[in-house]
Amino acid sequence: MTESIKEILRKEVEAVMNIPVNDSFEKAVDLIYRQVYEKG
């Protein structure tokens, strides 16, 4: 069971590392932040 969990986490890390971080990503994060923390 522990090995299965570790493998899932490895795959999740790989998926996150493959997210392209560029200007569009930064704009999306900014938009989400404003909607959640500034507009409530």
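Numbering of residues begins at 1 and proceeds along the displayed sequence.
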Item to check | Results of side-chain hydrogen bond (donor to acceptor under 3.5 Å, both in side chains) for Asn22 - residues two or more places apart only | outcome: none

I'd like a table of donor-acceptor pairs (distance under 3.5 Å, sequence neighbours excluded) in which one partner is a side-chain atom from residues 5-18, with atom names and distances.
residue	atom	partner	partner atom	Å
Glu7	OE1	Arg10	NH1	3.0
Asn18	ND2	Glu14	O	3.0

Please list every donor-acceptor pair under 3.5 Å in which a side-chain atom of residues 32-40 meets a protein atom from a residue at least two apart or in another chain.
residue	atom	partner	partner atom	Å
Arg34	NE	Asp30	OD2	3.1
Arg34	NH2	Asp30	OD2	3.1

